[in-house]
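The structure appears below as structure tokens.
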Amino acid sequence: MKKFFLHLFTWWHDATLNTRFFTWRKGIFVGEDDAGNRYYRHRKTNSRWVLYNGDPEASRVPPGWYGWLHYRTDIPPTDESYTPPAWEKPHRPNMTGTAGAYHPPGSLTTPETRPNVTGDYEPWTP
């Protein structure tokens with residue numbers, strides 16, 4: 001019962017009840033990725049969608065499933081033998097707006113101090 005009320009009142013953390021009902025009625029399960037996201041297609045049309053495992057974060061969709069969702073390929077990654085190249089890194093969540101976000105050297109938000117200006121800089125004076 002608690003899960004039902006969480007679905008009803010905190011719809012931004014998971015699929016809404018309408019989405020779950022639509023998926024149950026008209027969706028065909030295609031596959032699941034390593035993060036637990038489940039991918040579906042429509043029974044009659046060629047519509048495709050994903051039900052996220054946890055918070056809906058679009059950057060958590062792997063490249064193979066991204067291509068399938070955006071119609072770049074008709075073969076889902078579960079039906080093909082894909083081995084990632086050595087240079088492909090594992091997924092990292094989008095850290096924008098958090099303490100773990102990337103800050104380039106010299107940024108005002110980095111903890112290290114900015115190096116002193118050398119003689120090649122001349123400030124403008126009116």
Side-chain angles (χ1 to χ4, degrees):
M1 192 64 144
K2 179 183 175 184
K3 189 166 182 147
F4 172 76
F5 283 114
L6 284 174
H7 268 296
L8 191 62
F9 294 111
T10 60
W11 52 266
W12 54 88
H13 288 296
D14 207 354
T16 62
L17 290 175
N18 189 31
T19 303
R20 292 213 179 256
F21 181 70
F22 178 82
T23 301
W24 172 75
R25 256 185 95 219
K26 301 195 177 196
I28 296 175
F29 177 71
V30 176
E32 187 172 344
D33 64 12
D34 295 337
N37 300 327
R38 298 171 59 90
Y39 298 89
Y40 295 89
R41 70 175 175 82
H42 195 276
R43 292 184 192 279
K44 296 180 181 173
T45 65
N46 197 19
S47 299
R48 301 167 183 180
W49 65 94
V50 58
L51 293 182
Y52 294 100
N53 181 20
D55 288 339
E57 174 62 42
S59 69
R60 291 181 25 200
V61 175
W65 283 109
Y66 180 87
W68 181 79
L69 281 172
H70 293 273
Y71 304 98
R72 294 185 179 186
T73 180
D74 289 332
I75 303 169
T78 54
D79 293 346
E80 63 184 4
S81 59
Y82 173 75
T83 55
W87 50 263
E88 189 173 312
K89 295 181 180 180
H91 171 73
R92 287 187 1 205
N94 184 356
M95 302 301 283
T96 303
T98 67
Y102 172 73
H103 301 290
S107 171
L108 296 175
T109 56
T110 56
E112 64 243 8
T113 59
R114 191 171 178 176
N116 290 333
V117 179
T118 59
D120 63 345
Y121 175 74
E122 184 179 321
W124 179 80
T125 55

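Computed from heavy atoms alone, side chains included, the values below leave out hydrogens, waters and symmetry copies.
By the rule that hydrophobic residues join a cluster once side-chain heavy atoms approach within less than 4.5 Å of another member, Tyr52 and Val30 end up as members of one cluster.
The CD atom of Glu80 sits 6.0 Å away from atom CD1 of Ile75, with the distance rounded to the nearest 0.5 Å. Taking CZ of Arg38 as the reference point, atom CG of Asn53 lies at 9.5 Å (rounded to 0.5 Å). To the nearest 0.5 Å, the span separating CH2 on Trp49 from NE2 on His42 amounts to 6.0 Å. To the nearest 0.5 Å, atoms CG (Leu51) and CG (Asn37) are separated by 9.0 Å. Between the CZ atom in Arg60 and the CG atom in Asp33 there is a gap of 8.0 Å [rounded to 0.5 Å]. Separation of atoms CD1 (Ile28) and NZ (Lys44) is listed at 11.0 Å; rounding is to 0.5 Å.
Considering all non-hydrogen atoms of both residues, Ala101 and Thr96 come closest at CB-CA, 4.3 Å.
For Arg43, the CZ atom is densely surrounded, since the number of other residues' heavy atoms within 6.0 Å is greater than 12.
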Under 3.5 Å, which donor-acceptor pairs do the side chains of residues 62-72 form with other protein atoms, sequence neighbours left out?
{"from": "Tyr71", "atom 1": "OH", "to": "Asn46", "atom 2": "O", "distance (Å)": "2.9"}

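A salt bridge links Arg48 with Asp74; the closest basic N to acidic carboxylate O contact falls under 4.0 Å.
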